[in-house]
Amino acid sequence: MTKAASAAAKDLAAAGVRGVHVSWADNNGIPRSRIVPIGGLGGAASRGVGVTALFAVFDSHDRITYEHPGLATPSGDVRLIPVIERLSRLAGQPALAWTPARQVAADGSPWPYCQRGVLERQVALAANKGFELRAGFELEFAVAPLDSPDIESAPGHGGPAYSPHALVPLDGFVDALLHDFEANGLRIGQLHAEYGLAQIELSLGATDPVSAADDQLLARQTIHAAARAHGLRVSFAPMVSPEAAGNGWHLHTSIRRKGRNLLAGQDGPGNDGAGYLAGLLRELPALTAITAPSVPSTARLRPGYFASAYAFWGVENREAPLRYVPASALLGDDHANVELKPCDASANPYLALAVVLAAGLAGIDERLELPRPIEEDPGTWSPGERSTQDVRRLPASPAEQASELSAATWVADVLGDELLGAFRSVRESDAAWAKDRPIEEVVRAHLWRY
Ligand code: GLU
Ligand code: MG
């Protein structure tokens, strides 16, 4: 790999690239990185780049918590190994390139806190059982002028939602997105002016889970750079104001065996596909604590915003946390998938995919039965009706998330005790920060973090 890295570095240097962001996402979904000069990429590929082990216990406000026993002192170093197969020049920052990082222990052995490693392990376990996941994220974000302190005081577009007119003032930015995504090797499914305040949505093409998570990180970097070049800034935060619709980063997945999409089928998914959906449904409350984990995430999950609030599934039901998208004669079997709505930019994308895959496979293994889909919005039902239909609220506070995680022992099998311990202390640190602050201040503090 060193040889391949050195050869790639030579080509990039000849093309004017001076440095490479070696990047990963922490337990708050916040991307972090080290820039390596291009001439040092070969060395970094074999020896890694040193960083403190404490990144596993950074909270959303860049505070370090020492409450997790495995990382309770300022001592300790890990190495970031650039994933050279994913090396990409950044079209919007032409002097720089980007790679995701593997985090390994100082001696090169696996490090239990590496989120990418957790997902690689789940993917390998699934492959051993003959299953393959396909995944793609949908990214919603809000746009404002570069010097704006928030979105509300100067929304970057004024709607109408879904209208081509809304994007006219952002023409240069949209052009840059279309150009830079392609140049950076990312596939956009579609892009539009979304329903929320100054909101845009862009969907990424489906691929294998590790690539989907890598793509999501590269997409963020690409969008930030394109915005900056056009005098704009973007917020990926789950909430941009307590009143406005939030930013969901919905996660679309389908599960396959021998290349066949198990979610496809004339009358809905067959047994295994139904098992996959039932597994996700059973584990939704704990899943949500990983896929929508921040304090603003819990505020986003309200009824009436297409963001999901109650644990149920539906066919093309926009209020459902699990929106089943069937195959059709027009679109073919490949198209069938399920959208997980309670997922956002504060989730680490590798961990989000790892728990989704594990929960879905458990459903197949255990041949779980899928209840009937719900067509309505249970948010409009009485508490009695919800309880008769066995529809529970998704966790709506850090304390509820914590108790769902304690109850779901399978999450420790997926994340490992070390990583889960670090993740939970980070959530506790965030919750303590937010405890006596009004929601406006909490939302503002997360606005530009992702
Ligand atoms: N903005 C909504 C959310 O918070 C999603 C709207 C939609 O695309 O259905 O997830
Ligand atoms: Mg949307």
Side-chain angles (χ1 to χ4, degrees), residues 29 135-143 151-152 155-157 159-164 166-167 170 174 177 188-206 216 219-220 223 234-253 280 284 287-325 337-347 349 352 356 374-379 393-396 439 442-443 446-447 450:
F137 284 92
E138 239 175 61
L139 317 182
E140 290 180 340
F141 52 93
V143 190
I151 306 295
E152 284 166 299
H157 76 70
Y162 314 108
S163 170
L167 294 179
L170 302 173
V174 170
L177 289 177
I188 291 183
Q190 54 85 39
L191 184 161
H192 65 269
E194 247 296 348
Y195 186 77
L197 185 66
Q199 200 173 37
I200 292 183
E201 173 177 319
L202 171 167
S203 63
L204 292 170
Q216 196 239 48
R220 301 185 193 208
I223 298 168
V234 289
S235 175
F236 296 149
M239 295 287 276
V240 299
S241 113
E243 291 82 36
N247 289 322
W249 283 23
H250 305 163
L251 176 51
H252 290 257
T253 60
L280 296 184
L284 259 181
L287 273 182
T288 299
I290 306 281
T291 59
S294 63
V295 181
S297 300
T298 58
R300 177 182 148 248
L301 303 180
R302 302 155 290 173
Y305 286 82
F306 287 4
S308 77
Y310 293 94
F312 69 101
W313 80 285
V315 181
E316 294 284 19
N317 183 337
R318 265 21 185 222
E319 275 293 328
L322 294 172
R323 168 186 160 224
Y324 173 60
V325 182
N337 70 86
V338 59
E339 174 184 48
L340 177 75
K341 288 214 173 218
C343 184
D344 65 52
S346 66
V356 162
I374 291 175
E375 270 182 51
E376 295 105 69
D377 170 10
R393 182 77 169 90
L394 293 173
I439 184 69
V442 176
V443 165
H446 289 74
L447 203 53
Y450 305 104

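This structure is a prediction, so every number in the text was calculated from the model and none was measured. Positions are given from 1 along the sequence. Atoms within each ligand, like the ligands themselves, are counted from 1 in listed order.
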Enumerated ligand 1 atoms positioned under 4.0 Å from heavy atoms of Tyr305: 2 (C)
Using a 4.5 Å cut-off on heavy atoms from C-beta on, say whether the side chain of Met239 contacts that of His446. no
One finds that the ligand 1 atoms under 4.0 Å from a non-hydrogen atom of Ala307 are 3 (C), 4 (O), 10 (O)
Near Gly248 (heavy-atom distance under 4.0 Å), the atoms of ligand 1 are 3 (C), 4 (O), 10 (O)
Identify the closest protein heavy atom to atom 4 (O) of ligand 1: which residue and atom is it, and at what distance? Arg300 NE, 2.8 Å
Proximal atoms of ligand 1 relative to His250 (non-hydrogen, under 4.0 Å): 3 (C), 5 (C), 7 (C), 8 (O), 10 (O)
Check all N, O or S atoms of Glu201 and name the one closest to the Mg ion (ligand 2). OE1
For the pair His157 (side chain) and Gln199 (backbone), establish whether a donor and an acceptor sit closer than 3.5 Å, ignoring hydrogens and angles. yes
To check you understand the geometry: which heavy-atom pair defines the closest contact between Pro342 and Thr291, and what is its length? O-OG1, 2.7 Å
Atom nearest to the Mg ion (ligand 2) - Glu194, N, O or S atoms considered: OE2
Using a 4.5 Å cut-off on heavy atoms from C-beta on, say whether the side chain of Pro321 contacts that of Leu284. yes
Using a strict cut-off of 4.0 Å, indicate which atoms of ligand 1 neighbour a heavy atom of Glu201. 8 (O)
Shortest reach to atom 9 (O) of ligand 1 by a heavy atom, considering only Lys341, Arg318, Met239, Glu194: Lys341
In Glu140, the N/O/S atom nearest the Mg ion (ligand 2) carries the name OE2
Tell me if the CD atom of Glu375 is crowded by more than 12 foreign heavy atoms within 6.0 Å. no
Which residue and atom name correspond to the protein heavy atom nearest atom 2 (C) of ligand 1, and how close is it? Glu140 OE1, 3.4 Å
Would Arg393 count as a cation-pi partner of Tyr310, with NZ or CZ less than 6.0 Å from the six-membered ring centre and within 45° of the ring normal? yes
Would you indicate whether the side-chain heavy atoms of His250 and Leu340 approach each other to under 4.5 Å? no
Region of Tyr195 engaging ligand 1 - heavy atom pairs below 4.0 Å: neither
So, do Pro349 and Phe137 sit near enough that their side-chain heavy atoms are less than 4.5 Å apart? yes
